[in-house]
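Step one of this worksheet: look at the structure below.
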Number of protein chains: 2
Amino acid sequence: MKSAAKAMQAEEVAETGAHQIRDAIREAIVERRLSPGTKLSESDVGNLFNVSRTLARAALQALSYEGLVSVEKNRGAFVAYPSPDEARQIFSARRLVEPGILREAAARITPDDISNLRELLQEEGRLMSERGQTARRAEIKASGDFHLMLAEISGNAIMQRFMEELVARSSLVIALYGQSTASSCGHSEHGDIISAIEDNELDRACQLMLHHIAHIESDLDLRERKSLGLKEAFEL
Amino acid sequence: MKSAAKAMQAEEVAETGAHQIRDAIREAIVERRLSPGTKLSESDVGNLFNVSRTLARAALQALSYEGLVSVEKNRGAFVAYPSPDEARQIFSARRLVEPGILREAAARITPDDISNLRELLQEEGRLMSERGQTARRAEIKASGDFHLMLAEISGNAIMQRFMEELVARSSLVIALYGQSTASSCGHSEHGDIISAIEDNELDRACQLMLHHIAHIESDLDLRERKSLGLKEAFEL
DNA sequence: GCGCAGAAAATCGTATACAATTTAACCGCC
DNA sequence: GGCGGTTAAATTGTATACGATTTTCTGCGC
């Protein structure tokens with residue numbers, strides 16, 4: 001994400017160390033080192049980063065605004081556990097905004113941007129062939145970064161931030177409801193989208209994007225699993 | 001905003017009194033009782049609401065995530081003062097998402113919703129004819145509520161929250177760069193949009209929505225006023 | 001052994017305390 | 001009178017303290 005089209009805004013400086021903690025936890029969630037539902041107690045977070053509960057709390061609070069953790073009054077913070085309905089809303093939102101972002105990005109894209117995108121793509125492909133958790137995590141990140149880079153190129157910082165939220169929450173949803181072992185099956189689709197942009201076939205690019213999102217979504221099993229914590233669990 | 005289509009989610013309970021403070025300040029900003037750039041010191045906010053700086057700080061922090069307040073490290077919080085570029089991005093984002101929201105809303109809208117919308121519209125019209133600041137503020141609110149109600153009807157809580165942010169920030173932009181005295185000149189346009197939805201003319205409704213947003217934007221003077229705090233200010 | 005009341009532990013909600021930084025005030029100096 | 005520098009006041013950043021709520025544990029009765 002060291003793209004050329006960065007630096008739109010004056011980089012809201014990290015007003016406090018709480019931001020570092022927030023970013024660290026977010027990364028852990030997005031890379032699925034932290035599972036949905038995991039409790040994030042303020043003391044534990046504070047100890048882990050050697051800060052007081054004040055900062056830990058601020059970081060958790062921030063993450064709750066992004067929908068990545070849910071804080072329950074007097075009970076604490078937990079890694080978000082999006083319901084199937086929430087999951088549908090997240091992808092519905094993506095279908096709604098990503099074509100528009102794509103159009104704006106295409107209008108401003110430079111050759112440099114395209115080569116950056118292709119570079120990212122290549123990296124993604126390389127990681128897919130690798131084994132090991134580290135590679136898998138990096139692959140998840142790279143897959144999301146493709147969508148984020150498009151938002152960045154679009155030049156709209158507000159939409160960019162919104163996409164960051166959506167991509168992060170998507171990662172949670174996939175962790176919860178994804179079925180296929182291959183995490184980012186739609187790798188080639190990213191390449192197709194770039195090609196369509198390059199060829200100035202905007203409508204086709206949008207179609208591909210919608211298809212790509214639908215593809216990701218089709219790998220989810222969004223049936224209500226109401227914990228089935230009764231007899232059914234043992235009736236087999 | 002007591003619409004029928006509410007209650008999508010389990011209502012994230014107000015985990016603390018900080019939420020009340022946040023909401024109160026946000027309302028003050030949106031209704032333009034607080035001007036862009038106004039300093040919001042933690043002590044002052046705390047005293048005003050009879051709480052400690054801890055809660056005041058949390059509220060300001062929350063507002064900064066919504067883009068209504070900008071906090072500068074070691075300097076404090078201020079009512080946001082969106083740059084012309086930021087203003088363009090806000091409206092660009094609205095053009096991008098509002099047609100999509102409209103389409104989703106139209107697909108789920110009920111006769112009840114329509115009558116609620118018309119009711120809101122009537123209220124808006126009534127306020128337009130009234131005199132006085134109180135009426136003006138209520139009118140500003142009602143004008144935004146139209147867009148928010150559509151988002152609510154769409155049934156997507158995520159898009160709804162995003163629209164809340166965009167509408168609130170739009171209010172700031174209009175306060176800063178609006179020219180016409182009449183705040184929400186596009187009152188009739190709201191009615192046209194409802195009619196188009198009612199007649200099931202979706203494409204036309206979207207066109208009207210885009211036109212409406214463009215109309216609001218056309219009332220802005222987004223030229224860089226770089227404070228012109230040099231000689232120019234006195235050259236006349 | 002099971003269930004339930006009550007106490008103890010852990011955790012969160014809020015306030016206060018202290019350190020660090022910025023802003024202002026003051027004062028001698030040119 | 002204006003200007004720069006030093007010092008005092010105000011404000012933010014972070015930590016700690018204390019009360020409130022929830023959770024867990026314990027032990028008694030059945």
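Sequence lines set the chain letters: A, B, ... in the order given, protein chains first and strands last, and positions in each chain run from 1. What you are looking at is a predicted structure, and each value in this text was computed from that prediction instead of being measured.
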Can you sort out the partners of B/Leu220 under side-chain contact (heavy atoms from CB on, under 4.5 Å), two or more places apart, ordered by chain and number? B/Phe91, B/Val173, B/Ile174, B/Tyr177, B/Glu217, B/Leu222
State which residues pass side-chain contact (heavy atoms from CB on, under 4.5 Å) with A/Thr54; sequence neighbours excluded, sorted by chain then number. A/Ser52
Between atom CZ in A/Arg57 and atom C1' in C/dT11, what is the gap in whole Å? 11 Å
Starting at atom CG of B/Asn74, determine the distance to atom P of D/dT12, rounded to an integer number of angstrom. 10 Å
Integer-rounded Å distance: C/dG13 P and A/Glu72 CD: 11 Å
Are a donor atom and an acceptor atom from the side chains of A/Gln89 and A/Asp85 found within less than 3.5 Å of each other? yes
Sorted by chain and number, sequence neighbours left out, ring-ring contact (aromatic ring centres under 6.0 Å, His included) with B/Tyr65 holds for A/Tyr65
Enumerate the residues from residues 37-53 of chain A whose closest heavy atom to DNA chain C is under 4.0 Å, giving them by residue number; use none for an empty result. A/Lys39, A/Ser41, A/Glu42, A/Arg53
In whole angstroms, the gap separating P of C/dT22 from CZ of B/Arg75 amounts to 10 Å
For A/Asn47, what residues pass the side-chain hydrogen bond (donor to acceptor under 3.5 Å, both in side chains) criterion, not counting sequence neighbours? none
For B/Glu31, what residues pass the salt bridge (charged side-chain N to carboxylate O under 4.0 Å, His left out) criterion, not counting sequence neighbours? B/Arg33
Result for 5'-nearest mapping on DNA chain C, choosing between A/Ala77 and A/Thr54, is A/Ala77
Could you check how far NE2 of B/His19 sits from C1' of C/dT14, rounded to whole Å? 14 Å
